[in-house]
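Below, read A as the first sequence line, B as the second, and so on, with proteins coming before strands; counting in each chain starts at 1. Fair warning: this is a prediction, and the values are worked out from it, not measured in the lab.
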Amino acid sequence: MTRNFIYASISACAGALTYGLAANEYVSVSITVALLGIAWIVLFMRGLHRFSGLAFAVFVIISLVSLWADVSPVLALAGVSFSLLAWDLTRFHQRLQMTNSQQDARKMERAHFTRLALVIGLSLLGYFAVTRIHVTLTFGAAALLALLGIWGISALVYRLRSLE
Amino acid sequence: MSRIALLAALIYFIILAGVGTLNGAMVALALPLVLYLLAGLWRGPEEMRLTAERTISAERIAPGDSVTVDLKITNHGEALEQVLLHDPLPAFLKVIQGASSRLVDLPAHGSLSWSYTLQGRRGSHYFSEINAIAEDHLGLIVKRALLPTSGQLLVLPSISRVRHIAIQPRQTRVYSGVIPAHQGGMGIEFFGLREYQMGDSPHHINWRVSARQDGVIYSNEYEQERVADVGIVLDGRRRVNDFSGGRSIFEDSVLAAVAVSSSLLAEGNRVGLFIYGKRNKWTSPGYGKYQRERIMQDLALAETGETQNFKSLIIPRRLFPPNSQIILISPLGGGELNLLSQLRTRGFQLMVISPDPVSFEARALGDSPSVKLAARIARLQREVLLRELRHAGVQVVNWDVALPFEQAVRASLSRPPAFLRAIQRGRGAGQR
């Protein structure tokens, strides 16, 4: 089941960005994105899981860049969310392969998908809530907020690394 | 790059790009990644305080037999989610029922028991530890522990029985056995005649010869049968045993070593073993069932290796005195002729049991004309080598491993070869 979800996530991620870019007449770029999606699927099929992090980063950056190309923010969000799903599930798939108990694997799949659904669901809710709030900020205020955000993320990362 | 670092880098990049372009929608794209990180923080694994207990249904099995391993993992700490418990197994053991790795949730102060069944080829394995890897559900925080356990499993080599191996070393030990000792005395086989001495049994008087002599009575003398010192050398060099495609003729050499050592020990001989493979291992000579057990255990651990040079084989005199019997079990890849000639000059009686690598490899490679031609050339080279060995006074048994060992060697090992019998006759005549 996890394998199928990975294929679906990569396809959805690449498909959303390809469609968004093609709709804005960036045809050659959209073909490149589609090819990158196929390449990611091929890498996964060949068991080259170490490239999933790189593929994830590339698709997140493409999602960002696509916003400059006037692609719909929803499609860009789909690009980020589905690439995150594919990257996470690839790691989870590797972990499942380390157990030879099918029963355990099914149980863990259910728990993992529940947790992922929660994260993605909250992300979508948060995103739609955030995009409806319009606040006009000066560059200085935005920069201050950005620094605050970076400090918060750094503190979170530090906490997570200390737990390892 | 760790998963956390990758996520953090991407979040920083999104935020900086969003602020730099004053694009709020772009900053909002970081939200799924931030929530993903927060989820890891929310339910990360606690400190692992686990212990493991292991029970194995049998410690010694034969190849093909199954053994059940019971494991009990106790969690002495807080609840752990998604713990991978992995019992590492060597390649020669295969799980046929159950699972050696589990991915489970462990409740606080709870325990988990499970079992799995193994089957294996020849080898030995110490179950020293279980790997425990705990992660949060999103795999951001990973904690590892090694849980010490105990237990050993020995898969002994297959046993092939050979009824009798006819060896004729120049020197035997003092204890009675079945090896002809080239000395007159108590025995079954006729050895010679000598003048009657006081105490000789009247049954042993040779009346026919005595009647032809004038006033002298002759007694029959029989050949004494004693036990002998036998050193078995198992050649485990990778270059002569291992072939392409992971195939190896070494298992057949091990089987031959088991059969030969068992047969010789059953006849009361003092048998030692030298394994010349991954690790050079001497099993000092000994007698009986205990020695058989030691040899079986060492053969269970035998592996091929590639660092050794066969020229350096030195047989300690204190273990095997000159004139004792040495049996080399080797596919004979070349370079043995000098060594064996040297051993002959030192007085050892030599026998070579050689699993045939040419037939073994040719069968695996198929039936194409080029394979046939190559096999023919290799066979000729091998025949030349075997002939040179025979000329050097070495008894050679060429074993095509497609045939069962006992069947293949019955004819050649049940009685000494003609040249040895001739030597013995000559020696007996000389002594008389």
Side-chain angles (χ1 to χ4, degrees), chain A residues 53 56-57 60-61 63-64 67-68 73 76-77 79-81 84 87-88 91-92 94-96 98-105 107-108 111-112 114-116 118-120 122-124 126-127 130-131 133-135 137 139 142-143 145-147 149-150 152-154 156-157 159-161 163-164, chain B residues 1-41 43-45 81-82 84-86 95 98-105 114 116 133 135-143:
Chain A
F56 168 51
V60 167
I61 292 166
S63 303
L64 277 186
L67 283 179
W68 277 313
L77 179 69
V80 171
S81 302
L84 175 67
W87 172 69
D88 172 87
R91 170 73 179 77
F92 183 63
Q94 274 180 282
R95 192 159 165 77
L96 284 184
M98 291 165 79
T99 176
N100 37 20
S101 167
Q102 290 297 316
Q103 206 178 353
D104 293 343
K107 195 176 163 191
M108 287 301 147
H112 191 82
T114 309
R115 191 70 60 93
L116 270 184
L118 199 65
V119 170
I120 297 298
L122 283 174
S123 302
L124 290 176
Y127 183 85
V130 164
T131 48
I133 301 166
H134 293 280
V135 182
L137 293 172
F139 182 78
L145 275 177
L147 283 176
I150 287 169
I153 296 299
S154 301
L156 177 61
V157 168
R159 173 90 179 117
L160 285 168
R161 296 298 289 264
L163 285 173
E164 276 193 296
Chain B
M1 192 184 219
S2 83
R3 288 161 60 80
I4 296 173
L6 175 65
L7 278 172
L10 286 173
I11 292 168
Y12 292 150
F13 182 75
I14 293 170
I15 291 174
L16 289 174
V19 171
T21 57
L22 289 175
N23 188 337
M26 197 175 280
V27 176
L29 284 184
L31 208 55
L33 310 189
V34 174
L35 283 171
Y36 190 91
L37 269 184
L38 280 172
L41 183 66
R43 291 292 290 271
E81 286 183 341
Q82 225 188 80
L84 178 72
L85 299 163
H86 174 59
V95 177
S100 60
S101 297
R102 297 290 306 270
L103 188 59
V104 289
D105 295 334
W114 87 94
Y116 61 92
I133 305 169
E135 288 187 357
D136 66 305
H137 267 286
L138 300 178
L140 292 173
I141 301 167
V142 182
K143 288 188 175 176

remark   = Minimal heavy-atom distance between A:His112 and B:Gln82, with the atoms involved, is ND1-NE2, 4.3 Å
ask   = Between A:Leu64, A:Leu77, A:Val119, which has the largest tally of heavy atom pairs under 4.5 Å with chain B?
value = A:Leu64
inquiry  = So which atom in A:Leu84 and which in B:Pro32 form the shortest heavy-atom distance, rounded to 0.1 Å?
reply    = CD2-O, 3.8 Å
key: Region of B:Leu31 that comes under 4.5 Å of a non-hydrogen atom in chain A   = both
inquiry  = With chain A as the partner, which of B:Ile15, B:Val104, B:Leu84 has the greatest number of non-hydrogen pairs under 4.5 Å?
reply    = B:Leu84
key: Under 4.5 Å from a heavy atom of chain A, the part of B:Ile11 involved   = side chain
message = If you compare all heavy atoms of B:Leu35 against all heavy atoms of A:Leu122, which two are closest, and at what distance to 0.1 Å?
response = CD1-C, 3.6 Å
inquiry  = Run the side chain to side chain contact (heavy atoms under 4.5 Å, CB included) test on B:Phe13 and A:Val60 for me, step by step, so that the C-alpha distance in whole Å, both residues' side-chain angles and the decisive distance to 0.1 Å come before the verdict.
reply    = CA-CA 10 Å; B:Phe13 182 75; A:Val60 167; 5.9 Å; no
query = Do you know the tightest heavy-atom contact between B:Met26 and A:Leu67?
reply = CA-CD1, 3.6 Å
request  = Measure the spacing between CD of B:Glu135 and CZ of A:Phe92 and express it to the nearest 0.5 Å.
outcome  = 9.5 Å
note = Turns out that what part of B:Leu16 lies under 4.5 Å from chain A's heavy atoms comes down to side chain
ask   = Is a side-chain donor or acceptor of A:Arg91 paired with a backbone partner of B:Arg3 at a separation under 3.5 angstrom?
value = no
query = Roughly how far apart are B:Tyr36 OH and A:Ile120 CD1, rounded to 0.5 Å?
reply = 9.0 Å
